[in-house]
Amino acid sequence: MRSIMRGGDDRTSRAVMRDEALRLFAESGPDAVSVRQIAQAAGVSPGLVLHHFGSKDGLRQDVDRHVLAVFEAVLGEVSGHGPEDPEQTRAQARSLGAAVLRHLPEDSPVPAYLGRLLMSDSDTGRTLFRRLFELSLRTLEEMERAGQAARGRDPQVRAAFLLVNDLALLLLRPRLAEVLGTDPLSAAGLERWAPEVLAVYGGGLAAGGRGDAT
């Protein structure tokens with residue numbers, strides 16, 4: 001399995017075990033995966049997995065911390081883009097989905113695991129969602145300063161609405177690819193997705209096509 005981040009694969013054996021656990025957890029859920037299955041996928045013994053992580057719960061906590069760190073890096077990139085960018089470039093740059101595409105290979109299990117993490121009653125899931133919500137609030141404030149959006153009567157609800165829409169692109173990615181015929185997080189998919197999102201956000205559902213996005 002390749003590293004879940006873009007670039008070369010120079011992982012330690014511990015990282016390989018963690019990444020294989022992440023892949024299996026994303027596919028089947030942590031409760032359905034055994035230490036033996038993780039060890040087999042990583043090409044090591046179950047004893048070595050327990051030596052490094054202590055237990056399956058310890059391994060799951062390590063996976064959660066790793067996924068949180070990955071998204072912290074993604075969020076840092078998204079929040080780092082300034083208001084001087086062109087409108088569509090900025091909208092894509094601040095899209096969580098577009099940032100994930102830049103950081104992760106297309107077959108990364110991180111987006112799938114994100115869905116399980118956000119729906120779990122875990123500290124990591126709550127922390128990640130709060131970080132995402134805070135980013136959405138900041139983005140809405142920056143768009144208001146740039147004259148591109150209004151905060152509305154309830155900025156928190158508006159920011160939550162925008163966040164839910166962005167997360168849906170990640171969490172429903174396989175179903176969207178089926179109905180659209182294009183992976184929405186591929187370069188071609190984002191070329192189709194961004195103009196429609198900008199048109200709806202800029203002019204509502206009555207907006208026309210590409211011309212209304214500017």
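Residues: numbered from 1 along the sequence shown.
- Heavy-atom minimum distance, P46 versus A39: N-CB, 3.5 Å.
- When side chains are defined from C-beta on, L185 does not count as touching W193, because their heavy atoms never get closer than 4.5 Å.
- The CD atom of Q61 sits 9.5 Å away from the CG atom of D123 when rounded to the nearest 0.5 Å.
- Neither M119 nor F71 shares a network with the other; the hydrophobic side chains, linked directly or stepwise wherever heavy atoms of I, L, V, M, F, W or Y lie under 4.5 Å apart, form separate groups for each.
- From L50, atom CG reaches atom CE of M17 across 10.0 Å, with rounding to the nearest 0.5 Å.
- Donor-acceptor pairing under 3.5 Å is recorded for the side chains of T182 and R192.
- For the pair S136 (side chain) and L132 (backbone), a donor-acceptor distance under 3.5 Å is absent.
- Within the 3.5 Å criterion, the main-chain N or O of L24 finds no donor-acceptor partner in the side chain of E27.
- Between the side chain of R173 and the main chain of D183, no donor-acceptor pair closer than 3.5 Å is present.
- Between R116 and P30, the closest heavy-atom pair is CD-CD, 4.5 Å.
- Open room surrounds CD on Q40; 12 or fewer heavy atoms of other groups in view lie less than 6.0 Å from it.
- Using a cut-off of 4.0 Å between Lys/Arg side-chain N and Asp/Glu carboxylate O, E20 and R23 are scored as salt-bridged.
- In this structure, CG in L118 is found 6.5 Å from CG in L171, a value given to the nearest 0.5 Å.
- Rounding to the nearest 0.5 Å places CZ of R18 at 12.5 Å from CZ of F25.
- Contact between H52 and S13 at its shortest, heavy atoms only, is NE2-OG, 4.2 Å.
- Within the 4.5 Å cutoff, no side-chain heavy atoms of R158 are placed close to those of R151.
- V164 and L176 fall into different hydrophobic clusters, where Ile, Leu, Val, Met, Phe, Trp and Tyr side chains are chained together by heavy-atom contacts under 4.5 Å.
- At least one side-chain heavy atom of D62 sits less than 4.5 Å from a side-chain heavy atom of R14.
- Residues L140 and P155 come closest through the heavy atom pair CD2-O, 3.8 Å.
- Minimum interatomic distance between P109 and A26 (heavy atoms only, all atoms of both residues): O-CB, 3.6 Å.
- Taking 4.5 Å as the limit, some side-chain heavy atom of L117 sits within range of a side-chain heavy atom of S122.
- The backbone N or O of P105 lies less than 3.5 Å from no partner atom in the side chain of S108, so there is not a single donor-acceptor pair.
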Worked check of side-chain contact (heavy atoms from CB on, under 4.5 Å) between S186 and E191:
CA-CA 9 Å; S186 67; E191 283 293 319; over 6 Å; no
Evaluate L114 against L128 for side-chain contact (heavy atoms from CB on, under 4.5 Å), listing each step before the verdict.
CA-CA 9 Å; L114 172 67; L128 179 56; 3.2 Å; yes
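- Contact check on R60 versus D57 returns no salt bridge, with no Lys/Arg side-chain nitrogen under 4.0 Å from an Asp/Glu carboxylate oxygen.
- Inter-residue side-chain proximity for V35 and F53 is flagged as unmet; no heavy-atom pair is nearer than 4.5 Å.
- There is a path of hydrophobic side-chain contacts, each under 4.5 Å, that joins V179 to V197.
- Other residues, nucleotides and ligands contribute at most 12 non-hydrogen atoms within 6.0 Å of the CD atom of Q156.
- Remark: H51 NE2 to L48 CG distance equals 6.5 Å, nearest 0.5 Å.
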side-chain contact (heavy atoms from CB on, under 4.5 Å) between V67 and T124: does it pass, once the steps are laid out?
CA-CA 9 Å; V67 170; T124 306; over 6 Å; no
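- In this structure, D19 CG and I38 CD1 are separated by 12.0 Å, a value rounded to the nearest 0.5 Å.
- Under the 4.5 Å side-chain criterion, counting only non-hydrogen atoms from C-beta, L190 is not in contact with P184.
- The environment of CZ in R36 is sparse: at most 12 heavy-atom neighbours from other residues, nucleotides or ligands sit within 6.0 Å.
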